[in-house]
Amino acid sequence: MRCRLCLPSALLLLSGCATTGGDRIAQKDPLEGFNRHVWNFNHGVDKAVVRPIAVAYRGVTPSFARRGIGNAFDNLTEPWSAINNLLQLKPGRAARNLGRFAVNSTIGIAGLSDRATKIGIRQAPEDAGQTLARWGVGTGPYLVLPLLGPSTLRDGVGFAVAQVADPVAICFAQCGVPSGVRYGLATLKYLNARSELIDVGADAMLATSLDPYAVARSAYLQRRREEILNESPDADSGPAGAPSDASVSTSASDSR
């Protein structure tokens, strides 16, 4: 309940930021002192606990199994992506989300196999942070969240919205799924995501950086900018090369 009460005031603050520089505010990093403290805390926890467990997880879980687990968790994001695509007036992308969810949940064996991509239904991920950007809301300050890592005020609000509005999260909370199962799945999702960071070489990149904090901040903001503008490869390509349903509006570009 407290998160719900905080959202309106946070959105008002963000709307003000939208007119004063977009993600330039995040790049200036006015909360850097606080963020670096949280970054150091996260790094300490990762070094002492999370990474060793992730390495052990990789040792007992074959790569094909980790890939399947990642696919399954990605599949669970499709309904929320569909809602956000609709809120952004992108019905074609929303249809792809629902098509992927139907295909991967059935012949993809609960999403373990990404059959949808193999038959030409490409990914169209969207989240609440991207929806707020589409509506003209600026990023606000860059923000490092405890245990969760890089974010912005806007994306933090989007994350909070997802906790109370994502249909999969609602179902898990209200459809009789035991709390032990929910926490176990959340832990597995976290470990698998940490393992993927090892796969892509994030650890090595940060280890060789003079300022890992600044590198992570720059990489996060650039990636989010590309996601909001749908600039990633095939981001707006439909099946069989179908055209995109819509590009990001000028207001979304200005919100950067």
Side-chain angles (χ1 to χ4, degrees), residues 61-135 155 158-159 161-175 177 181-182 184-197 199-200 223-249 252:
T61 310
S63 60
F64 74 86
R66 298 197 304 270
R67 184 165 55 251
I69 291 169
N71 288 340
F73 283 121
D74 286 345
N75 187 52
L76 293 178
T77 69
E78 297 290 359
W80 185 231
S81 286
I83 290 172
N84 280 286
N85 271 312
L86 288 175
L87 290 173
Q88 295 176 42
L89 304 180
K90 301 175 182 177
R93 288 172 62 89
R96 282 158 55 188
N97 295 135
L98 297 178
R100 288 180 57 82
F101 187 68
V103 170
N104 286 340
S105 297
T106 52
I107 64 175
I109 314 175
L112 291 171
S113 175
D114 186 3
R115 301 295 300 178
T117 295
K118 293 178 181 178
I119 64 174
I121 308 177
R122 297 185 180 90
Q123 296 178 335
E126 298 288 338
D127 57 43
Q130 289 166 271
T131 297
L132 291 173
R134 172 83 176 185
W135 292 350
D155 288 343
F159 178 79
V161 169
Q163 307 314 300
V164 298
D166 183 343
V168 172
I170 292 172
C171 181
F172 270 56
Q174 299 183 2
C175 295
V177 179
V181 173
R182 298 202 304 270
L185 288 174
T187 301
L188 178 59
K189 180 179 180 179
Y190 191 85
L191 279 178
N192 205 69
R194 183 62 182 87
S195 173
E196 289 176 353
L197 288 178
D199 286 336
V200 300
R223 180 176 65 84
R224 285 301 283 171
R225 187 181 308 117
E226 291 171 351
E227 289 172 345
I228 289 166
L229 295 176
N230 297 129
E231 290 179 344
S232 58
D234 297 327
D236 279 316
S237 299
S244 63
D245 39 44
S247 60
V248 173
S249 65

Checklist entry - Where do Ser81 and Ala124 come nearest, in terms of heavy atoms and distance? => result CB-O, 4.0 Å
Checklist outcome for this item: Here the gap from Asn104 atom CG to Leu112 atom CG, rounded to the nearest 0.5 Å, amounts to 9.5 Å
Checklist entry - For the side chain of Asn84 and the backbone of Thr131, is there at least one donor-acceptor N/O pair under 3.5 Å apart? => result no
Checklist entry - Just wondering, do Leu76 and Lys189 contact through their side chains at under 4.5 Å, heavy atoms? => result no
Checklist entry - Excluding sequence neighbours, so at least two apart, what forms side chain to side chain contact (heavy atoms under 4.5 Å, CB included) with Asp127? => result Gln130, Arg224
Checklist entry - According to the salt bridge (charged side-chain N to carboxylate O under 4.0 Å, His left out) rule, which pairs have a member within residues 98-120, sequence neighbours left out? => result Glu78-Arg100, Arg100-Asp114
Side chains of residues 162-169: which donor-acceptor partners sit under 3.5 Å, not counting sequence neighbours?
{"residue": "Gln163", "atom": "NE2", "partner": "Phe159", "partner atom": "O", "Å": "3.0"}
{"residue": "Asp166", "atom": "OD1", "partner": "Val168", "partner atom": "N", "Å": "3.0"}

Item to check | Partner set under side chain to side chain contact (heavy atoms under 4.5 Å, CB included) for Ser105, not counting sequence neighbours | outcome: Asn75, Phe101
Checklist entry - Is the closest basic N to carboxylate O distance between Arg134 and Glu126 below 4.0 Å? => result no
Next on the checklist: To the nearest 0.5 Å, what is the distance between CD on Glu196 and CZ on Arg67?
Outcome noted: 10.5 Å
Checklist entry - Rounded to the nearest 0.5 Å, what separation is found between the CZ atom of Arg223 and the CD1 atom of Ile228? => result 10.0 Å
Checklist entry - Going from CG on Leu188 to OG1 on Thr61, what distance comes out if it is rounded to the nearest 0.5 angstrom? => result 8.0 Å
Checklist entry - Within the side chain of Asn97, is there an N or O that forms a donor-acceptor pair under 3.5 Å with the backbone of Asn85? => result no
Next on the checklist: Can you list everything that forms a side chain to side chain contact (heavy atoms under 4.5 Å, CB included) with Leu98? Sequence neighbours excluded, please.
Outcome noted: Ala82
Next on the checklist: Counting C-beta onward and ignoring hydrogens, is there a side-chain heavy-atom pair between Ile83 and Pro79 closer than 4.5 Å?
Outcome noted: no
Checklist entry - Say you draw a straight line from CZ of Phe64 to CG of Asn71; how long is it, rounded to the nearest 0.5 Å? => result 12.5 Å
Next on the checklist: Please enumerate all residues that pass side chain to side chain contact (heavy atoms under 4.5 Å, CB included) together with Val181, with sequence neighbours excluded.
Outcome noted: Val177, Pro178, Leu185
Next on the checklist: Checking the side chain of Thr106 only, and the main-chain atoms of Ala102 only, is there a donor and an acceptor separated by less than 3.5 Å?
Outcome noted: yes
